[in-house]
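Below is one structure, written out as structure tokens; the observations come after it.
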Amino acid sequence: MSYERPSWDEYFLKVSDVVAQRATCDRGRSGCVIAKDKRILTTGYVGAPAGLPHCDEVGHEMKEVTHEDGSSSNHCVRTTHAEQNAIVQAARLGVSVEGATLYCKMTPCYTCAKMIVNAGIERVVCRKDYHASDATKRIFQKAGVALEIMEEEVEDYENQ
């Protein structure tokens, strides 16, 4: 059996899976890697702000959101998303992510998408799609952020 070396996209997605093991919210339990020129700039995982109680310790802080089309979805607002944490970590460390690629578990939410655009990230690679990704796809297209979804599957988790 011959060994098949992973592509750079596969490699960074696998690293984001390892980063996700630190996540403190079992809804999605995702991680993120921001890389440029084949080098990791920063990582982040989903969790409560530093020093505050985590979902895994005290439970979720759920909010129901009603969308323009009348549909609704549930969101845990105790946590900061992996993508947000990776961008914030870069800011804290003084690391520019302009022109970088962001790797994550599923298509980023709309709030994360806006942060990605404003941070100057040019490409997003995710393993699966997010059930509410239409707004993200629109803003990425308008802003010129390339989006690549590796698997044609929507990420599924409890109480979506």
Side-chain angles (χ1 to χ4, degrees), residues 6-36 38 40-49 55 60-91 95 97-160:
S7 70
W8 285 107
D9 287 345
E10 293 166 337
Y11 169 74
F12 289 125
L13 279 174
K14 287 178 190 240
V15 173
S16 77
D17 291 341
V18 173
V19 172
Q21 293 175 5
R22 292 283 307 153
T24 61
C25 180
D26 64 5
R27 297 187 82 245
R29 217 175 280 283
S30 58
C32 175
V33 170
I34 300 177
K36 185 175 180 179
K38 301 177 185 171
I40 294 173
L41 301 176
T42 188
T43 65
Y45 53 84
V46 65
C55 295
H60 300 293
E61 186 179 341
M62 298 301 292
K63 301 289 181 190
E64 184 175 355
V65 175
T66 302
H67 304 279
E68 290 176 1
D69 65 1
S71 65
S72 65
S73 58
N74 294 295
H75 301 271
C76 178
V77 296
R78 181 179 310 286
T79 61
T80 304
H81 292 183
E83 299 90 339
Q84 295 166 352
N85 278 326
I87 292 168
V88 168
Q89 190 66 20
V95 175
V97 294
E98 189 166 355
T101 298
L102 182 144
Y103 296 88
C104 54
K105 184 175 185 177
M106 60 185 127
T107 309
C109 74
Y110 188 55
T111 300
C112 288
K114 292 182 282 185
M115 289 181 68
I116 289 165
V117 169
N118 282 349
I121 293 169
E122 293 180 353
R123 183 171 171 251
V124 173
V125 178
C126 42
R127 188 168 311 287
K128 295 181 182 178
D129 204 357
Y130 174 54
H131 68 93
S133 65
D134 289 345
T136 292
K137 290 173 182 172
R138 281 194 302 274
I139 195 172
F140 280 172
Q141 184 175 29
K142 287 179 183 176
V145 175
L147 173 64
E148 296 177 36
I149 303 170
M150 302 302 273
E151 299 174 16
E152 292 183 27
E153 183 179 335
V154 173
E155 177 68 17
D156 189 33
Y157 51 90
E158 192 176 320
N159 200 14
Q160 226 162 264

Check whether any side-chain heavy atom of [X] sits under 4.5 Å from a side-chain heavy atom of [Y], and report yes or no.
X	Y	result
T42	V95	no
K36	V97	no
I116	I87	yes
R78	K63	no
C55	D26	no
V46	T24	no
E122	T101	no
T107	I149	yes

Quick one: list whatever passes side-chain contact (heavy atoms from CB on, under 4.5 Å) with [X], sequence neighbours left out.
X	answer
N118	none
A143	V117, V145
K114	Y110, I139
E64	S72, N74

- Query: What's the verdict on side chain to side chain contact (heavy atoms under 4.5 Å, CB included) for T111 and Q84, showing C-alpha distance, side-chain angles and the deciding distance?
  - Reply: CA-CA 9 Å; T111 300; Q84 295 166 352; 3.7 Å; yes
Would you please name every residue forming a side chain to side chain donor-acceptor pair (under 3.5 Å) with [X], sequence neighbours left out?
X	answer
D9	Y103, R123
S133	D129, K137
H81	none
T66	none

Tabulate below the donor-acceptor pairs under 3.5 Å that side-chain atoms of residues 12-21 make, not counting sequence neighbours, or state none.
residue : atom : partner : partner atom : Å
S16     : OG   : L13     : O            : 2.6
D17     : OD2  : R127    : NH2          : 2.9

- Message: Please give me the minimum heavy-atom distance between I121 and A100, naming the atom from each residue.
- Response: CG2-O, 3.3 Å
- Message: How about CD on Q141, more than 12 heavy atoms from neighbouring residues, nucleotides or ligands closer than 6.0 Å, or not?
- Response: no
- Item | Under 3.5 Å: donor-acceptor pair, side chain of T136, backbone of P108 | yes
- Ignoring hydrogens and angles, tell me if any N or O in the side chain of K105 forms a donor-acceptor pair with the backbone of K128 under 3.5 Å. no
- Item | Distance in Å, C32 SG paired with N85 CG, rounded so as to fall on 0.5 Å steps | 9.0 Å
- Query: Just how far is it from atom NE2 of H60 to atom SG of C25, taken to the nearest 0.5 Å?
  - Reply: 4.5 Å
- Check the pair V124, C104 against side chain to side chain contact (heavy atoms under 4.5 Å, CB included), reporting the backbone distance first and the verdict last. CA-CA 8 Å; V124 173; C104 54; 4.2 Å; yes
